[in-house]
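These notes concern the structure reproduced below.
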Amino acid sequence: MAAEGAIRSPRAGDRNFRFTLIAPSIFVLLLIGIFPLIYLLLVSFQGITMIDNDTSFHGLANYRRLFDDARLWESLLHTLIFTAIALPLELLLGLLMAQLFIDHLPGRQVFVALLVLPVLVAPIVSGATWSLMFDNRFGPINQIFGWITGEEMTLLWTISPELVYPAILTAEVWQWTPFMFLLLLAALSAVDKSQLEAASIDGAGYWRTFFRIVLPAIWPVMAVAILIRGLDLFRLFDVVWALTKGGPGTMTETVSIFTYVRGFQQFEISYTSAVALLIIVLLSVAILTALRRVELSR
Amino acid sequence: MSLRRRRAVKLALRYVAAVALTVFFLFPIYWLFMISFKTADEIYAYPPVWWPSSLQLDNYLVLFRDGDAKTVWNSLVVAGTSTVIAMFIGTICAYSLARFRTGGEHLANWIISQRMIPPIAVVFPIFLLYVWFGLVDTYIGLILLYTAFNLPYVIWMMRGYILDIPQALEEAALVDGYTRWQVLWKVVFPMCRAGLFATAIFTFVFAWNDFIFALVLTRTEVTTYTVQVTHYFGGQSNFWAKIAAMSVLGTLPIFIVVGFMQRYLVRGISLGAVKG
């Protein structure tokens, strides 16, 4: 850190320099971050809907409604289900892949460069791609299942209630496992080799070495990766939008999709403001707690 | 001999696994690209055709003829402009945070936490305000939002890069009579050139790949390519050829650009947590 020697201001005119530097950024962040927040708060106490521009004071009516809105809490549950399944899967698969590539392997650089590509695809495009893959008639997935089972497959991946979750999770895990893989590969490469050798001389087995030496060494990176992916999964929107739009019914509706539908299709302006504030408050608490525990960029 | 053989078998097995994984992760991308070259007959063939008979470009020509390809241009304008602005004001802010510890850890943490709020919660009030100010479906509206959205990332990343460079040169330049701004421009920026470049690329990619902001804040004039892709999903049938071709137009540039940036990838996507 710069703790040892921040440049001391040698001339009087420099005093305001550091504030001049942050001014434009802070201005933009406040404009887009704080100003709308205040506006949200204001609107959430009113009663504006598509048909009624009612700006009178409604007190906590919209907030009370939050608690009775089963669809909201279900969407929160769906989001948590996606997160609870996708996050550990991505982490585990990413770790296994990183283990595979940590030792010398001819052409390793090429493999890594290729494996990274899914991360760079726009999530909405990745959703579109998987809807091509899952097409019941013209997609390759039913075709492959057909080869395996020997009979014609016409599974409706984006419509059948029992298949939509596997379909969305496949797309999600496909896109972000490489992210975990890349970060964990970098972390594994940085593990102190001499410690590993020492452990092997002492006769420590693979698992013992892994839990006692490797895991503690890669944990800081792992924690950051979990934080980033966890927050990304909480805002899950694009892939679900492309594959199911939250359907069938509201079966795969995430919090983001719920908010979008309420705000931009049903135009329940005031109620959506309360929902958005709820999300912001929940997440802010989670983020600030997590940031205090995770060593990000130190 | 047996030890050598065991090693060879192990390497071969790892190789097989590596190839299988690569096939799994690349196949959907292959499928997307390939569909964009197929004729309608091939796309709607049952059983599916696994490679196109020829690399015909009709699906792309249609996009250019109908003007749909302009959405890629819109993406370029908003992502490009917002990147330039965010990079400039973000980097000078990062310099202040890194060198003068302005605001301490709290300010830095607050800034990065701004980026982690779900976009849908942010974009809803922004939309209401934009309606008020007539900024919906304008370049300025989108550019402003992407700039704000990417600023925390730029500040956070550049703060890390600036902390990495030694301070002695800046002090020497000050002693030589450079002004503060000259130090920034002639010493600091050149020294973290690689970091600037890498951060700019990822800032650009985030804006380029965004869907939800563009979905909410565009109508017809500044539609970006990600929104355009979803226009081809119909209630009854989907226009697979257009979906695929439009997706490729938006994806290929990113693949090419980041292909040259491999070295910075890990640091870029881990918010600087891994120096890689």
Side-chain angles (χ1 to χ4, degrees), chain A residues 2 5-7 10 14 17-18 21-22 24-25 28-29 32-33 36 39-40 97 100 105 111 113-118 120-122 124-125 128-129 132-133 137-138 140 143 178-179 182-183 186 221 224 228 231 234-235 237-238 256 259-260 263-264 272 276 279-280 283 287-288 291 296-297, chain B residues 14 17-18 21-22 25-26 28-29 31-32 35 44 46-48 89-90 92-93 95-96 98-102 109 113-114 116-121 124-126 129 147-148 151 155 160 163 167 180 209 211-212 216 226 229 240 243 247 251 254-255 258 262 266 269-274 276:
Chain A
I7 302 177
D14 290 339
F17 181 65
R18 61 176 176 151
L21 290 180
I22 66 167
S25 288
V28 173
L29 286 175
I32 296 290
Y39 191 70
L40 265 188
M97 281 167 69
L100 179 68
L105 193 73
F111 281 120
L114 290 174
L115 284 169
V116 159
L117 292 180
L120 303 173
V121 175
I124 189 72
V125 169
T129 306
L132 287 165
M133 297 281 292
R137 196 163 163 77
F138 311 115
Q143 179 70 15
F179 172 89
L182 257 189
L183 263 56
V221 171
V224 170
I228 294 176
L231 292 167
F234 189 84
R235 61 170 75 154
F237 184 91
D238 302 20
S256 289
T259 313
Y260 179 82
F264 297 104
T272 309
I279 295 174
I280 291 175
L283 262 275
I287 292 162
L288 290 175
L291 276 182
L296 201 57
S297 185
Chain B
R14 282 176 60 217
L21 278 171
T22 311
F25 281 102
L26 288 195
I29 295 172
W31 194 260
L32 176 75
I35 292 234
Y44 300 107
Y46 184 85
I89 67 177
I92 59 174
C93 178
Y95 181 75
S96 181
R99 284 292 187 256
F100 305 111
R101 281 170 286 140
T102 311
N109 278 347
S113 72
Q114 285 300 298
M116 298 177 172
I117 304 281
I120 188 72
F124 183 68
I126 299 278
L129 290 171
T147 303
L151 254 183
I155 295 170
L163 285 173
Q167 216 171 280
R180 290 282 189 186
N209 280 353
F211 172 63
I212 199 163
V216 170
T226 49
V229 167
W240 292 127
I243 292 172
S247 297
T251 308
I254 300 297
F255 281 180
V258 181
Q262 286 291 333
V266 175
I269 62 173
S270 70
L271 296 183
V274 186

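Every chain is numbered from 1 and lettered A, B, ... according to where its sequence line falls, protein lines coming before strand lines.
Taking OG1 from T102(B) and CG from L21(A), the interatomic distance works out to 7.5 Å, rounded to the nearest 0.5 Å. We find the CD1-OG distance between I212(B) and S256(A) to be 5.5 Å, quoted to the nearest 0.5 Å. Atom CD1 of residue I243(B) and atom OG1 of residue T129(A) lie 9.5 Å apart, to the nearest 0.5 angstrom. Here the CD1-CG distance, from I254(B) to L117(A), works out to 11.5 Å after rounding to the nearest 0.5 Å. Going from atom CZ of R99(B) over to atom CZ of R18(A) covers 14.0 Å, rounded to the nearest 0.5 Å. Distance check: M116(B) CE to L283(A) CG gives 10.5 Å after rounding to the nearest 0.5 Å.
I287(A) touches chain B through its side chain: at least one heavy atom from C-beta onward sits under 4.5 Å away, while N, CA, C and O do not. Contacts between L151(B) and chain A at a heavy-atom distance below 4.5 Å involve the side chain alone, from C-beta outward. Only the side chain of L231(A) has a heavy atom closer than 4.5 Å to any heavy atom of chain B.
The two residues W31(B) and F138(A) come nearest to each other via the heavy atoms CZ2-O, 3.9 Å. Contact between T22(B) and L115(A) at its shortest, heavy atoms only, is CA-CD2, 3.8 Å. Taking each heavy atom of F234(A) and P118(B) in turn, the nearest pair found is CD2-CG, 3.9 Å. When all heavy atoms of S247(B) and V125(A) are compared, the closest pair comes out as CB-CG1, 3.6 Å. Residues Y39(A) and P125(B) approach most closely at CD2-O, 4.5 Å, considering heavy atoms.
Residue with the most contacts toward chain B among I279(A), T272(A), L288(A), T259(A): T272(A) (heavy-atom pairs, distance under 4.5 Å). Comparing A148(B), G90(B), A17(B), S96(B) by heavy-atom pairs within less than 4.5 Å of chain A, the highest count is held by S96(B). Top candidate by heavy-atom pairs under 4.5 Å with chain B, chosen from L29(A), L182(A), L100(A), is L100(A). The most heavy-atom pairs under 4.5 Å with chain B, out of D238(A), L132(A), V221(A), I280(A), come from L132(A). When P118(A), P178(A), A122(A) are compared by the number of non-hydrogen pairs under 4.5 Å with chain B, A122(A) comes out ahead.
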Begin from the C-alpha positions of I120(B) and F264(A) and carry the test side chain to side chain contact (heavy atoms under 4.5 Å, CB included) through to its verdict. CA-CA 11 Å; I120(B) 188 72; F264(A) 297 104; 4.2 Å; yes
Could you walk me through whether M97(A) and F25(B) pass the side chain to side chain contact (heavy atoms under 4.5 Å, CB included) test, one step at a time? CA-CA 12 Å; M97(A) 281 167 69; F25(B) 281 102; 3.8 Å; yes
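Side-chain contact between L120(A) and T251(B) is absent, with no heavy atoms from C-beta onward closer than 4.5 Å. Counting heavy atoms from C-beta on, the side chains of N209(B) and I124(A) never come closer than 4.5 Å. Side-chain contact between I32(A) and I126(B) is present, with at least one heavy-atom pair separated by less than 4.5 Å. In this structure, V116(A) and F255(B) have side chains that are not in contact, with every pair of non-hydrogen atoms separated by 4.5 Å or more. Side chains of P36(A) and L129(B) form a contact here, defined as non-hydrogen atoms less than 4.5 Å apart.
Ring centroids of Y260(A) and F124(B) are separated by 6.0 Å or more, keeping the two rings apart.
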